[in-house]
Number of protein chains: 2
Amino acid sequence: MVTIKDISKKCGYSSATVSKALNGGADINQKTVEHILNVAKGMGYFPNAVARALKTNRTYNLGVLFVDKTFSGLAHEYFSSVLNSFKVEAERLGYDITFISRNINRVGMSYLDHCHYRGCDGVVIASIDFSDPDVVELVQSNIPIVTIDHVFNECTSILSDNVQSVKDLVTHVYNKGHRKIAFIHGEDTSVTRKRLGSFHRTCSNLGIDVQSEYLRAAIYHDPKSSGLATRELLALKNRPSCILYPDDFSILGGITEIERAGLSIPEDISIVGYDGIHLSQVLRPRLTTLRQDTEILGREAAAQLVDAIENPKSYIPQQIVVPGTVIAGETVKQLILAGNTHIFPIYASIFKEDINEKSISYCVGSAFAGHFRRIRAGRD
Amino acid sequence: MVTIKDISKKCGYSSATVSKALNGGADINQKTVEHILNVAKGMGYFPNAVARALKTNRTYNLGVLFVDKTFSGLAHEYFSSVLNSFKVEAERLGYDITFISRNINRVGMSYLDHCHYRGCDGVVIASIDFSDPDVVELVQSNIPIVTIDHVFNECTSILSDNVQSVKDLVTHVYNKGHRKIAFIHGEDTSVTRKRLGSFHRTCSNLGIDVQSEYLRAAIYHDPKSSGLATRELLALKNRPSCILYPDDFSILGGITEIERAGLSIPEDISIVGYDGIHLSQVLRPRLTTLRQDTEILGREAAAQLVDAIENPKSYIPQQIVVPGTVIAGETVKQLILAGNTHIFPIYASIFKEDINEKSISYCVGSAFAGHFRRIRAGRD
DNA sequence: TATCGTTTCTAAATCGTTTTCTGAAAAATA
DNA sequence: TATTTTTCAGAAAACGATTTAGAAACGATA
């Protein structure tokens, strides 16, 4: 590998001068710069990130902490899409990414240890379990952090707009004439609480009385568990006309159960997904779902993180809410109602350019803590 | 951050001694080691990977080069599963992983440049396009390389056993009584050629005359293109009784077309996938497919790469072939035939422990170059 | 000519480790 | 006791870059 010293020898300038030439330093003659740059190019010079990092204490490495309950974070399409977009933007800005974990070399290392060990300039966190002490430790360190789909008030968060999205979905379903809307929601996370809250509020605003038997807990990304919930819903005396699922993948379990019950979609029952993953766009009938904008979520997370890293003085942590889009497929039947045919407008998708101007923070609250406690206790 | 120097000051030993104590150096008193270790622990010392890397020229970082035609490698479940398993094993062995790309900081950087820049100890490559000059440059460098699903004779490759797997699939279908077997294959890659070759040979061995109209080219992971191919196959005068698809995801396009044609699966036509991704296990009827063992592929890739890095003298590059497993679902109908009901045995899945002992190299050859040329020229 | 101000460059220190070489002290041997 | 060997610890030099303080060169000015 050719080093600065090699260039220095070859062209007669000191290594200090060469370094400055390479980095666009101020006090150096333009001609010298050109000469050195030429020589460097001719010799095939490439900087050594490791040496640079040691001196400058900047690695241009971003840590990525994706923790999934099944530890297969990468196989989860929503996460992997966000990650992919994060990666693309990070690379565009000159950063590489490194996965943060606790398993390095078998020794007990906290996430923070790992970040220090690798010298990450910043970390993006997307985790199921934000209450993990190791995650908290990391968040409270002085490493710049951006979280996805979770709010810590010390750091920037990028949030998929679950509140508005569920509102849009419910409104969409309502406009199709549905009044008996069931909601199979995921396990207790801040995201789930937001969706549930929005579900209740929207129904309430639309004049729908939410029956508690229409609310079922399942596990995200687990078709079996939503299949089970579906079966329970289908067995109700007063069966819902439409079921909202925790995510697109889970819906496969629902479809199976519905077909097993001899019902057809959407003739006998309507279904709605969430996420808008690739799968949802190839199922037939096309799934009505909510597309989360993983592209923007990832890109914005990277952009914010780099901003925080490069402008530590002036950077202001913020909550960035990224809108989703209702994808009207073919799985929600248009019902014909007697009266009350008012169509409620649904959220106009915000233009991508606008999202930087939004800095909204929702109160997650614990309105649904009781609900989840009841579920855990099996009393719901 | 507490450094070796800090420890050195605190306990009175020189930094050389501290370093040796920390790394289990030879010429040092056991008591001293213990004392230093205690102090280090007490101070919350963690080594600095950057400094260490600068001195030792070992970063304990593995490069990952996953290039997809759509540049969304991570969203591809097969790749992301392999990667996840690779990551887990790499971390267990004390290595972190870094994505290699060409887009760092907008400057034109080759893959090799990027590896040198980051000082990767080794690189794993899974790419659609192994003929990319940048990929070739990387492979021919002196960085240890492991490739997945492609053979370069200089370096170790981990190969999903496409030849045996297709043989097993075809045999499985044959045993179910099918003789009119169509094969929708992916675009021209070494993997595709292996599968095609195995398809031909197996059919030939089973006494099936492969009709060229039963072979259709599509694009991997693209339901639209396999949907199109399906439509063509269904329109044939002599319709196949069973269709093999390039992958599980593509099959969604096939299902759509089959249903559109008013046919049902498997009553009217049988279908077979490939990959055994999560999706295939939740579709109903359950998909008959071939599960590629991404777990072993990834793990073995990491293990081999680390072996190559840590034992540069003694390491011998090899081809490791990882068997797949036929997953008999419900999408292949049992046909009742007049005579000829001999059941051929299918490959017994090799135990996981055995794979290290296999070091088989297939001759990929270019037997199908002509076939693909014809496809590209639209004359097939 | 002496002084000052620019511009352009360099020497040297530094980042946190590892590693080689050296030598003192302790232990073993004669 | 004298000599050799072994054990243990430290000094110092790297690794490849960046950065600071200051030197040299050169005009311009008084």
Side-chain angles (χ1 to χ4, degrees), chain A residues 1-37 39-40 43-61 94 96 105 113-121 310, chain B residues 1-37 39-40 43-61 94 105 113 115-121 310:
Chain A
M1 285 288 80
V2 33
T3 71
I4 279 193
K5 223 179 269 174
D6 298 327
I7 301 177
S8 161
K9 262 181 222 152
K10 182 136 190 175
C11 62
Y13 289 101
S14 75
S15 56
T17 305
V18 174
S19 172
K20 281 182 207 157
L22 258 22
N23 296 308
D27 55 345
I28 185 169
N29 188 303
Q30 192 52 36
K31 270 189 180 165
T32 318
V33 171
E34 280 164 25
H35 177 228
I36 290 176
L37 253 41
V39 174
M43 297 177 76
Y45 171 78
F46 240 90
N48 179 322
V50 170
R52 174 180 288 172
L54 180 60
K55 179 63 186 170
T56 62
N57 209 25
R58 294 269 280 105
T59 57
Y60 286 90
N61 240 318
D96 280 317
N105 217 357
D113 288 337
H114 194 172
C115 291
H116 279 144
Y117 174 65
R118 280 294 171 196
C120 295
D121 292 337
E310 299 188 345
Chain B
M1 285 291 79
V2 32
T3 73
I4 281 192
K5 225 179 265 173
D6 298 326
I7 301 176
S8 160
K9 261 181 222 154
K10 184 136 188 175
C11 62
Y13 289 103
S14 75
S15 54
T17 305
V18 173
S19 173
K20 282 181 211 158
L22 257 23
N23 297 308
D27 54 347
I28 184 168
N29 187 302
Q30 192 52 36
K31 271 192 180 165
T32 318
V33 171
E34 280 164 25
H35 178 228
I36 291 177
L37 253 40
V39 174
M43 297 177 77
Y45 171 79
F46 241 90
N48 180 321
V50 170
R52 172 180 291 172
L54 180 59
K55 180 62 189 173
T56 61
N57 209 24
R58 295 268 280 105
T59 56
Y60 286 89
N61 240 318
N105 216 358
D113 287 338
C115 291
H116 280 145
Y117 175 63
R118 281 292 172 197
C120 295
D121 292 337
E310 300 188 343

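The figures that follow rest on heavy atoms only: side chains count, while hydrogens, waters and symmetry mates do not. Protein chains get the first letters and strands the later ones, always in sequence-line order, with residue 1 at the start of each.
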Item to check | Rounded distance (Å) that lies between atom P of C:dA11 and atom NZ of A:K9 | outcome: 14 Å

Checklist outcome for this item: CG of A:D96 to CG of A:N61, rounded to nearest 0.5 Å, is 5.5 Å

Item to check | By side chain to side chain donor-acceptor pair (under 3.5 Å) - contacts of B:S14 (at least two apart) | outcome: B:T17

Item to check | Pairs satisfying side-chain hydrogen bond (donor to acceptor under 3.5 Å, both in side chains), at least one member in residues 25-37 of chain A, at least two apart | outcome: none

Checklist entry - Between the two end axes of the helix from C:dT1-D:dA30 to C:dA30-D:dT1, each built from 5 base pairs, what angle do you get to the nearest 10°? => result 60°

Checklist outcome for this item: The ring pair (Phe, Tyr, Trp, His ring centres under 6.0 Å) partners of B:Y13 (sequence neighbours excluded) come to none

Item to check | With sequence neighbours excluded, residues passing side-chain contact (heavy atoms from CB on, under 4.5 Å) with B:A51 | outcome: A:L54, B:N48

Quick test: give all pairs of protein nitrogen or oxygen and nucleotides 5-7 of chain C nitrogen or oxygen below 3.5 Å, distance rounded to 0.1 Å.
none

Next on the checklist: Run the salt bridge (charged side-chain N to carboxylate O under 4.0 Å, His left out) test against B:D113 and tell me which residues pass, sequence neighbours left out.
Outcome noted: none

Checklist entry - Mind checking what makes ring pair (Phe, Tyr, Trp, His ring centres under 6.0 Å) contact with B:Y60, not counting sequence neighbours? => result B:Y95

Checklist outcome for this item: Readout for nucleotides 15-21 of chain D: B = base within 4.0 Å of protein heavy atom, S = sugar-phosphate only, - = neither; 5' to 3' it is BBBBB--

Item to check | Contacts of B:S19 that satisfy side-chain contact (heavy atoms from CB on, under 4.5 Å) - sequence neighbours left out | outcome: B:I4, B:N23

Next on the checklist: The criterion is side-chain contact (heavy atoms from CB on, under 4.5 Å); which residues satisfy it with B:M43, sequence neighbours excluded?
Outcome noted: B:V2, B:D6, B:I7, B:K10, B:V39

Next on the checklist: Categorize B:G119 for me: base, sugar-phosphate, or nothing, with a 4.0 angstrom heavy-atom threshold over every strand shown.
Outcome noted: nothing

Item to check | Length of the CD1-C1' vector between B:I28 and D:dT6, whole Å | outcome: 16 Å

Checklist entry - Which heavy-atom pair separates A:V18 from A:S8 by the least distance, and what is that distance? => result CG2-CA, 3.9 Å

